[in-house]
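Down below is the structure, laid out as structure tokens.
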Amino acid sequence: MMLDPTTILLTAEDAQTAAQTLHRGGLVAFPTETVYGLGADASNADAVARLYAAKGRPSFNPLIAHVADLNAARTIARFDDVALRLAEAFWPGPLTLVLPKAENCPVCDLATAGLDSVALRVPAHPIAQSMLRAFGGAVVAPSANRSGHVSPTTAAHVAADLSGRIDAIVDGGPVIVGVESTIVGCLGSPVLLRPGGVPREAIERVLGRALIAAATVADAGHAPVAPGMLASHYAPHANVRLGATRIEQGEALLAFGSDLPPGSEAAVAVRNLSPRGDLAEAAAHLFGALRELDAAGVRAIAVMPIPTHGLGEAINDRLRRAAAPRP
Ligand code: TXA
Ligand code: MG
């Protein structure tokens with residue numbers, strides 16, 4: 001992989017180097033099981049400011065703090081019974097909890113956009129785990145892409161977006177889950193703020209009740225629910241058309257399953273998220289397929305209907321954002 005000389009490439013053995021770079025205020029991209037994150041010391045406002053600049057991200061959009069385990073998490077936020085039950089069921093793993101800040105919360109105000117709440121996650125990826133343990137504190141990490149691009153699922157995706165703008169990339173190969181963590185707000189009744197790597201059904205089984213949808217809370221006039229959930233996001237350069245049951249001239253096909261729609265033979269390019277119709281496989285391939293179709297220079301992508309249960313909720317959410325009108 002070609003890297004700008006100012007961005008160094010690390011491997012799984014370099015957890016100490018990654019942690020030292022973070023301690024010096026540096027920016028380190030690292031693999032999590034969901035997508036690659038761009039890490040900075042959560043307590044260092046200068047480092048966090050450089051992180052927003054490297055991504056080109058609006059700084060009103062708060063970040064997720066990553067820690068190695070629940071004990072570390074409890075120094076950052078307050079857990080009620082429901083939050084504790086979710087943390088015990090799904091951590092380490094692709095679940096983020098939005099919780100009230102603990103007293104003396106070390107996460108700087110810039111990283112939480114001045115909110116009284118903080119988003120927290122304990123990633124399961126072994127490289128993320130060893131880096132967080134070597135570092136000792138909280139690491140804020142948005143997805144390691146330029147703001148508005150699709151999230152990176154390989155180190156090469158990170159390099160394509162951020163090479164020369166960050167200090168290091170830890171290469172851990174392709175990620176397993178492929179869509180970002182599920183975000184649940186636990187500031188009252190639990191609210192689904194973003195569908196993601198833990199299916200809603202699994203969370204509802206643990207809670208023994210339905211999660212409130214973020215939109216319902218927003219409608220009820222409550223505080224902003226997920227400030228980062230801009231309508232257009234995860235956007236490829238091509239136009240994206242959803243629910244396609246036939247392929248028009250000049251379109252590329254993003255397929256799911258083996259039963260391709262009429263017109264597929266003439267598609268300018270085809271990527272199949274999962275020929276056997278498996279939603280977990282489709283999630284793992286989603287962002288890479290969008291990047292490949294972009295790299296191939298296609299101008300329009302027709303996406304077959306994808307089931308909405310399980311990981312399908314997150315996949316459809318990301319595709320709706322990819323298809324939304326651009327600002
Ligand atoms: O899987 C993931 O979650 C990845 C990996 C790297 O951990 N990270 C990620 O971060 O997706 P990011 O920055 O792309 O998305 C964070 C989301 C944003 O939509 C943001 O608005 C929301 O979390 N968020 C952060 N703090 C919040 C808070 N206090 N209240 C509500 N939403 C919050
Ligand atoms: Mg992101």
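We count ligands from 1, going down the list as the structure has it; atoms in each ligand are counted the same way. A quick note: this is a predicted structure, and the numbers were derived from the prediction, not measured.
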Candidate with minimal heavy-atom separation from atom 20 (C) of ligand 1, of V177, L99, N61 = N61
E103, CD: over 12 other non-hydrogen atoms inside 6.0 angstrom = no
ask   = For ligand 1, does R57 get within less than 4.0 Å through its side chain, its backbone, both, or neither, judged by non-hydrogen atoms?
value = side chain
request  = Verify whether one side chain among E180 and S143 offers a donor that lies under 3.5 Å from an acceptor in the other.
outcome  = no
inquiry  = Under 3.5 Å between any N/O of Y36 and any N/O of ligand 1: does that happen in this structure?
reply    = no
note = Residue set satisfying salt bridge (charged side-chain N to carboxylate O under 4.0 Å, His left out) with E248, at least two apart, ordered chain then number -> none
inquiry  = Given G185, A119, A128, identify the one with the heavy atom nearest to atom 26 (N) of ligand 1.
reply    = A119
request  = May I ask you to list the atoms of ligand 1 that are less than 4.0 angstrom from any heavy atom of S181?
outcome  = 1 (O), 2 (C), 3 (O)
ask   = By number and element, which atoms of ligand 1 are closer than 4.0 Å to a non-hydrogen atom of T34?
value = 1 (O), 2 (C), 5 (C)
Electrostatic pair R50-D46, nearest N-O below 4.0 angstrom = no
query = What atoms of ligand 1 come within less than 4.0 Å of a heavy atom belonging to E180?
reply = 1 (O), 2 (C), 11 (O)
query = What part of I183, side chain, backbone, both or neither, has a heavy atom within less than 4.0 angstrom of ligand 1?
reply = side chain
ask   = Judging by distance only, is a nitrogen or oxygen of T32 under 3.5 angstrom from one on ligand 1?
value = no
note = Rounding to 0.5 Å, atoms CD1 (I315) and CD1 (I306) come to a distance of 6.0 Å
Any N, O or S atom of S143 closer than 2.8 Å to the Mg ion (ligand 2) = yes
ask   = Backbone N or O of V122 within a donor-acceptor pair of the D69 side chain at under 3.5 Å?
value = no
inquiry  = Is there a side-chain hydrogen bond (donor to acceptor under 3.5 Å, both in side chains) between R121 and T32? Walk through the geometry before answering.
reply    = CA-CA 11 Å; R121 156 159 144 73; T32 80; 2.9 Å; yes
inquiry  = Quick one: does any side-chain atom of N239 pair with a main-chain N or O of A300 as donor and acceptor, under 3.5 Å?
reply    = no
key: Option with minimal heavy-atom separation from atom 8 (N) of ligand 1, where the choices are S147, G37, A141   = A141
